Amino acid sequence: MREPRGASCSTGMPVSFAIAEDLNATLIAAAIAAGLADAAAFAPEVRTADPRHGDFQANGVLGYAKARKLNPRAVAEQLIAALPPTTREQFDVSIAGPGFINFKLKPATLLAWLKTYDSVEHLKSGASGFYQGHRHVVDFSSPNTAKQLHVGHIRGMVIGEAICRLLAFCGSAVIRDNHIGDWGTQFGKLIWGFKNLRNDSALATDPLEELERLYKAADAASKENPAILDAARAELVTLQAGDPDNLALWHKINAISSGAFSEIYRQLDIRFDHQLGESFYNDKLQRVYDELREAGLAEDSQGALVVFHPEHPRFKTQPFIIRKSDGASNYASTDLATMLYRVEHFKADAIAILTDTRQTDHFEQLWLTAQKWFAKKGYPLPRFEHVTFGSILGEDGKAIKTRSGDPIKLKALLAEAEERAFALVTEKSPEIPEAERRDIANAVGIGAVRYADLAQNRSSDYVFTWDKILSFEGNTAPYLLYAVARIHSIFRKLAPGAQTPPSSSATVSDRPSESLATAPETDAELALARKLAGFPSTLQLTTTQLRPHFLCTYLYELAGEFSSFYVAEKVIVDDPAVRARRLLLCARTLLILETGLHLLGLRTLTRM
RNA sequence: GCGAGCGUAGCACAAUGGAUAGUGUAGUAGCCUCCGAAGCUAUUGAUCUGGGUUCGAUUCCCAGCGCUCGCACCA
């Protein structure tokens, strides 16, 4: 069991970062101390609670007691009696309903927590225990060369970036890898198109546009004429065999593509440690074929090299094709080689691959194969997570695809977002100079697009509409950015001309007024303070599930609590103690909102 | 045909097996001499159908209906 990460503050009361996790451990200890029958089997199931009941609730007593024909309330009473004095000092503990144990943080505990976790550094050191010592390879974005990025690509990029930041914040060594599709069958078509259909002047004016046209034209031609399809396949085989002409073409096409991708990544503040495309694994495939064959996992079938999984109802007959009958490699071959490389070279103990949910079968087959292969050879087996997300659909309810007409280009989407945001900023804050309004529009527009994707559970599909993705009201980026800007505004009013936002100061000593702060008192103060203390639980939930929408929901609720607090209680008042405690709440709300938004990949503003 | 995912107010979404199913938007009624109204307060309105497991089911299991996707050389 992980050690509770306590830290003490000026009040002397030690308070842990992840309160729920700590309570869970405390209850297990209490079960043993109380001499409960079969105490080792007792799982307290502490989770954040509905504020009407408390801050945290333990649900595990019910199941434990019922299974043993005990009275749940009696068991709960035994547990409470066995709690250490510090727990009773920090919480109001009560039993409710059929046997829930409710924990309500006392105001003094809230104050201690807020004073202890007072900077990004301290939040991070608290969170870093969650994944300390882990090493994640996160494979995301991974577009295909020679196609422009369109709205269908945005989910993987935005969710992937957020997951990387979250895991790193929680202590994992994260390796970001963009597994570019630079070696597949599309290259056969592309090279064939380049050789036979090229328009040189178009290539000079807008190379990426022309490449995309060539691909589409070649794809269409090969669908009509099987001879062209064969010719395209032959070009791919030639390329994969190392033909110098095709290789030179391949380099040229990649360079054009990669420049366009980088521009979008820069706009979205997405970065990679590596961009090892499928081509990188070309010389590592023979080993895969050999080892899988030796291990008795791969067999020849209809001229191709395939893996069946006899124990699986479907994959006993649905093959995992690891080498095509024409000898060329495919997605499966490179993914197997990639899996091994990430373990051998990057020493990954966890691998997360983000793709849309349509690829579920592929990755299930991949993982089944890899497990058997690694076991046979004695390679260390990493944890593997196929992080899926739903498709972005067009108005017709069908997935937006390159092939089906005109998907909206990401470039155009981002430009439109900024333009709409600029119009709004200009309307709301005409007094701000234009250059700054442009900058604000950038943060708001790009933030809105990205937040719209993150705020929704990644599993579900959604229909793309401009108005939805560029909405500026409700659970959206602008609402959150607005709350941040308002808090900055309070501190500006307090200390005109101050350059440093309060959240960046590392220690309490930099902010002498905080030492005057007393425990939260009013309903609005308490509600806000409680929400703030729930941040660690949200981080944990978000990272264990790899679902950023949990963090979005939390931040939205936090911003809502702040807005209510802001209307209900005046911050800049004459009474120094009241003022200090409200300013403390403002400073911590700002800290957690900004930290959370940055983890999601959003840029925050001081005014808008 | 086989398999996977998804069905929650008019629309768009949330609910890590827990207590009275939350929010946005649209609608209705209010709030700017007062730290920023991109805001706040109040209010109307929903779990596809039928079984099962459980102390407890939107959540897990089974069946049906509906939508989407995948299933031999695309990635």
Side-chain angles (χ1 to χ4, degrees), chain A residues 45 47-50 52-53 57 59 62-63 65-67 72 96-100 102 142-144 181 183-186 189 219 233 278 301-306 313-315 317-326 328 330-332 334-335 355-362 364 388 390-391 393 397-399 424-425 427-429 444 455-457 459-463 465 467-468 471-476 478-479 481-483 485-494 537 540-542 544-545 547 549-550 552-553 556-557 560 563-564 566-573 582 586 607-608:
Chain A
E45 294 176 33
R47 48 162 289 175
T48 53
D50 186 308
R52 284 172 298 204
H53 305 124
Q57 62 184 59
N59 297 335
L62 281 147
K66 284 287 175 184
F100 300 109
N102 288 334
S142 307
N144 287 332
W183 204 242
T185 304
Q186 84 272 17
K189 291 176 181 169
D219 187 51
R233 282 187 180 148
E278 292 170 342
S301 173
Q302 300 178 28
L305 188 61
V306 308
R314 214 150 18 97
F315 302 142
T317 53
Q318 182 179 322
F320 190 49
I321 299 170
I322 64 171
R323 191 178 60 200
K324 301 195 283 180
S325 53
D326 60 10
N330 66 0
Y331 200 35
T334 46
D335 274 358
T355 79
D356 69 66
T357 178
R358 288 174 297 180
Q359 299 187 29
T360 303
D361 272 8
H362 167 81
E364 207 179 318
T388 58
S391 309
L393 309 174
K398 305 279 184 187
L424 192 62
V425 181
E427 180 197 324
K428 303 275 186 191
S429 311
V444 171
Q456 186 162 130
N457 189 333
S459 307
S460 31
D461 293 349
Y462 72 83
V463 176
T465 60
D467 287 339
K468 184 171 23 172
S471 164
F472 293 151
E473 288 172 347
N475 185 7
T476 62
Y479 179 87
L481 295 176
Y482 181 68
R486 278 175 130 184
I487 303 174
H488 277 290
S489 170
I490 293 171
F491 286 101
R492 264 199 305 273
K493 180 136 277 179
L494 207 64
S537 295
Q540 235 171 346
L541 179 64
T542 305
T544 53
Q545 311 250 331
R547 291 182 193 274
H549 80 281
F550 286 119
C552 292
T553 304
Y556 177 58
E557 288 169 356
S563 296
S564 302
Y566 182 85
V567 167
E569 317 288 0
K570 189 152 171 66
V571 174
I572 304 176
V573 293
R582 289 185 184 161
C586 290
R607 64 172 178 168
M608 62 190 276

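Note: hydrogens, waters and symmetry copies are ignored here, and every other heavy atom, side chains too, is used. Quick caveat, the model's predicted, so the values are computed rather than measured.
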(request) Measure from the ring center of A:H53 to the ring center of A:F100 and say whether it is less than 6.0 Å. (result)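 Ring centroids of A:H53 and A:F100 are no less than 6.0 Å from each other.
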(request) Determine, using ring centers only, whether A:F315 and A:F320 are less than 6.0 Å apart. (result)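 No.
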(message) Counting only side-chain heavy atoms from C-beta out, which of B:A37, B:U25, B:U16 sits nearest to A:T48?
(response)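 In terms of side-chain proximity for A:T48, the closest of B:A37, B:U25, B:U16 is B:U16.
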Base partner of [N], which must satisfy Watson-Crick or wobble distances under 3.5 Å:
| N | result |
| --- | --- |
| B:A57 | none |
| B:A19 | none |
| B:G45 | none |
| B:C67 | B:G5 |
| B:A72 | none |
| B:C35 | none |
| B:G30 | B:C40 |

(message) Counting distance alone, no hydrogens or angles: does the base of B:A72 have a donor or acceptor under 3.5 Å from a partner atom on the side chain of A:S301?
(response)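 Present.
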OP1 or OP2 of [N] sitting under 4.0 Å from any side-chain N/O of [X]?
| X | N | answer |
| --- | --- | --- |
| A:R607 | B:G36 | no |
| A:S429 | B:G36 | no |
| A:Q302 | B:A72 | no |

(request) Could you tell me whether the side chains of A:N457 and A:R547 share a donor-acceptor contact shorter than 3.5 Å? (result)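 Yes, a side-chain donor-acceptor pair sits under 3.5 Å.
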(message) Over all strands shown, is A:V425 touching base, sugar-phosphate only, or nothing at heavy-atom distances under 4.0 angstrom?
(response)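 A:V425: base contact, heavy atoms under 4.0 Å.
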(message) Rounded to the nearest 0.5 Å, what separates atom OG in A:S325 from atom CD in A:Q302?
(response)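 A:S325 OG to A:Q302 CD: 8.5 Å, rounded to 0.5 Å.
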